[in-house]
Structures are given as structure tokens and as C-alpha cells.
2 protein chains.
Amino acid sequence: MPEFLELHSKTSKLLRAAADAAVQRHGLRLGQDHLLAALWAEDGRTPGEIAASVNVTTPAVTKLATRLAEAGWLERRPDPRDNRLVRLWLTPAGRALQKPIETERQTLEDRVTATLTKTERAQLLKALTKINQVLLDGP
Amino acid sequence: MPEFLELHSKTSKLLRAAADAAVQRHGLRLGQDHLLAALWAEDGRTPGEIAASVNVTTPAVTKLATRLAEAGWLERRPDPRDNRLVRLWLTPAGRALQKPIETERQTLEDRVTATLTKTERAQLLKALTKINQVLLDGP
DNA sequence: TCGAGAACGTTAACCGGTAAATGATCTGAT
DNA sequence: ATCAGATCATTTACCGGTTAACGTTCTCGA
């Protein structure tokens, strides 16, 4: 397997495991924090809007929403004007998770980039941005 | 979300989608190619051995193996000495996939790193390696 | 020799993700 | 005013991954 792809996927896996562990300390599972983050940024959006903002399909959001609702972190409420729409609202408990989770993620970010110099870190971000761009531009 | 984690996970997603598309052109699904790659490197190993070499759990391998066997790319054969063991062997069809899939992956690697200079590419690999190491060393 | 414990692969239940099918509601042209 | 088509969220069925439970087979000490 090519060098970069191999290394990147290995890193992904480790990063995913680390993020999962961090988030589980607060009763969340990986992926759920992304949905919550979208709601911390802006409450009361529809599953479709949130899916688009998180780059995930709508069914993924509705399933996560169901679990987060069961856990008491958000609630579904119908849109008053358009009955097709559902709007997701944080509960106080869901809102209270913001700081701990953000701290957790920042700690992880700091830990994994700790052995990089400022320059290395900047170069890494630049390179990943370039790669991202190539992929977004399509084949 | 912190800068690097955000960027890395976005890249992962795009890379995953691109790799999936590439591999699907040959009738495979993402993940199956890793198992096959392990077999191209060395045939006749057990699910447990392969799982360890690919950094995946054993059940993941047995499920993949079932699907790949149904598709005719590998077969399960019992170990002649130890009846607890199963050994996975490539069929000619499975072996024939090696070159096309490897070409596909190399093409993707070349494409995504095309906009990087040699130096940038080397720095990227170095940085990712460092991050990998931090994660392997554990919390 | 034989039986308890270790070492296997598999199965089951779950999770996050996807695509495709479903069903309800809105919209706009006629 | 109506109805065909668009637009939603949800359900279903699948996939790769995980952990935990299960059943079979070896191994090795008493």
C-alpha cells in the first residue's frame, strides 16, 4: 500500500480510538459529539441542515438524534410552520456537555501535536489542506 | 473543534470515499482490499494472524472472509494439524486482483499528493509518523 | 489418563455510516 | 381548487468495525 495512504489510515484509526476514549468519559460515543457540536454552534436546525454541515447523510443524523434524545441531550420539536420539518434542540444537559467535550478534544489535539514544532505543525496543516482540496475538486 | 483533528478527520472521510470508489470499480468494498492485501503478502494464514497484521479484531476478519469467500476470492481450509485453526487461501481470482487494486491505490496516492513538493511530502510523512508514535505510546 | 484451562474461530448484539425505499407534507402550475 | 411533483424525516437493509458470549479443540499438569 502506498506510503501516505497507509500512514494516514493508520493515524486515522489511532486518532479515532483516542477520540472515542476521550468522549466516552462523558457518556458519549464517537460521532455523537460531532452532532452535538453542530447544535452547540446553532440550535434548532433540521436534521437535513445538520447533516449537510457535518458532511454526513440525513439518516445518520436521525439515528444519532434518536440516541441522543433517549439519553436526554436533545429533543425533537416540530417546526411550527412546516410540518415536514423537525428541529433539534439541546436540553440543558446537552448544552452542559459543550465545555467538557471541547476541553477533551483540545487536550487530545495538544497531545498529538506536542512533538511537532510550530513550523512542522503549520506545514502539516498546509499539506493536509492541499490534499483536501484535491479531493474536493474531484477526480 | 481543534484545527488538526478537524482537518484530519475531514481528509479521512474524503480519502475513504475516494478509496472506496476506486476499489468498487473492481467489485470490492472498502476494507476488503486490506484483507486481500494481507493475503497477497502471505497466503494461508489464520484469521487471528491476519487480524493482528491489519490491526483489526478477529471477528472483523471472519466476516470479511465470509463475504470474500462467497464472492470467490478466497477459501477457508482447515489446518491439517490443529482443528481449531482455519487458514485463508486466495483463489486464482483473488490473486488476480492484486495488480489492478495496487495500481488503483498508487494512482490515488499520486493524485492526492500531486500538488505537494517533494519536500512537503517528506515533511507530511514525518509529521504523521510523529503523531502516530505519540498515539502508540498511549496516554 | 484425564480434566481444567487456554487458544482458537464464529456468532450475536451493538454502533456509525451509507443508499434506497417509504410516507407525510408542502408548493406551484394549471 | 386541485393535483402532480418536490421536499422533508424516517425506516430498512446493508457494510465494516467493535466487544462480549459461545462452542470447539488443544495442551499440560496432577
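None of the values given here were measured: they were computed from a predicted structure. Reminder, nothing fancy here: chain letters follow the sequence lines and each chain counts from 1.
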In whole angstrom, what separates [X]'s [atom1] from [N]'s [atom2]?
X        : N       : atom1 : atom2 : answer
Leu35(B) : dG16(D) : CG    : P     : 10 Å
Arg45(B) : dC8(C)  : CZ    : C1'   : 17 Å
Asp82(A) : dA6(D)  : CG    : C1'   : 12 Å
Gln24(B) : dC15(D) : CD    : C1'   : 11 Å
Arg77(B) : dC8(C)  : CZ    : P     : 21 Å
Ile50(B) : dC8(C)  : CD1   : C1'   : 14 Å
Lys10(A) : dG17(D) : NZ    : C1'   : 19 Å

For Leu36(B), what are the other residues in its hydrophobic cluster, where any two members join if their side-chain heavy atoms are less than 4.5 angstrom apart?
->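 Cluster partners of Leu36(B): Val23(B), Leu28(B), Leu35(B), Leu39(B), Trp40(B), Ile50(B), Val54(B), Val56(B), Val61(B), Leu64(B), Leu68(B), Trp73(B), Leu74(B), Val86(B), Leu88(B), Leu90(B), Leu97(B), Ile101(B).
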
Nonpolar side-chain network containing Leu30(B), other nodes, edges under 4.5 Å | none

Please determine if Glu109(A) and Arg121(A) form a salt bridge, counting it only when a charged side-chain N lies under 4.0 Å from a carboxylate O.
->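 Answer for the salt bridge query: yes.
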
Passing candidate, side chain to side chain donor-acceptor pair (under 3.5 Å) with Ser12(A), options Arg16(B), Lys13(B), His8(B) =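 Of all the options given, the one that passes is His8(B).
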
Sequence neighbours left out, what pairs pass salt bridge (Lys or Arg N to Asp or Glu O under 4.0 Å) with at least one residue falling in residues 48-61 of chain B?
->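 Applying salt bridge (Lys or Arg N to Asp or Glu O under 4.0 Å) to every pair that reaches into residues 48-61 of chain B, excluding sequence neighbours, yields Glu49(B)-Arg87(B).
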
List in chain and number order the residues that pass salt bridge (charged side-chain N to carboxylate O under 4.0 Å, His left out) with Glu75(A), two or more places apart in sequence or in another chain; answer none if no residue qualifies.
-> Arg77(A)

Whether Arg76(B) side chain and Thr62(B) backbone form a donor-acceptor pair below 3.5 Å |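 At least one qualifying donor-acceptor pair exists.
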
Polar pairs (N or O, both sides) under 3.5 Å between protein and nucleotides 14-17 of chain C?
{"from": "dG16(C)", "atom 1": "OP1", "to": "Gln32(A)", "atom 2": "NE2", "distance (Å)": "2.9"}
{"from": "dG16(C)", "atom 1": "OP2", "to": "Arg67(A)", "atom 2": "NH1", "distance (Å)": "2.5"}
{"from": "dG17(C)", "atom 1": "N7", "to": "Lys63(A)", "atom 2": "NZ", "distance (Å)": "3.2"}
{"from": "dG17(C)", "atom 1": "O6", "to": "Lys63(A)", "atom 2": "NZ", "distance (Å)": "2.7"}

Do you know the tightest heavy-atom contact between Arg105(A) and Ala19(A)?
->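 Smallest heavy-atom distance, with atoms named: NH1-CB, 4.4 Å.
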
Should Leu85(B) and Trp89(B) be regarded as members of a common hydrophobic cluster, given that ILVMFWY residues are connected when their side-chain heavy atoms come within less than 4.5 Å of each other, either directly or indirectly?
->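 Per the 4.5 Å side-chain linkage, Leu85(B) and Trp89(B) are not co-clustered.
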
For nucleotides 7-10 of chain D, list the nitrogen or oxygen atoms of the protein found under 3.5 Å from its nitrogen or oxygen atoms, one pair per line.
{"from": "dT7(D)", "atom 1": "O4'", "to": "Arg84(A)", "atom 2": "NH1", "distance (Å)": "3.3"}
{"from": "dT7(D)", "atom 1": "O2", "to": "Arg84(A)", "atom 2": "NH1", "distance (Å)": "3.0"}
{"from": "dA9(D)", "atom 1": "OP1", "to": "Thr46(A)", "atom 2": "OG1", "distance (Å)": "3.3"}
{"from": "dA9(D)", "atom 1": "OP1", "to": "Pro47(A)", "atom 2": "N", "distance (Å)": "3.3"}
{"from": "dA9(D)", "atom 1": "OP1", "to": "Gly48(A)", "atom 2": "N", "distance (Å)": "3.3"}
{"from": "dA9(D)", "atom 1": "OP2", "to": "Gly48(A)", "atom 2": "N", "distance (Å)": "3.2"}
{"from": "dT10(D)", "atom 1": "OP1", "to": "Arg76(A)", "atom 2": "NE", "distance (Å)": "2.8"}
{"from": "dT10(D)", "atom 1": "OP2", "to": "Arg76(A)", "atom 2": "NH2", "distance (Å)": "3.4"}

Ignoring backbone atoms, test whether Asn83(A) places a side-chain nitrogen or oxygen under 4.0 Å from the OP1 or OP2 oxygen of dC26(C).
-> yes

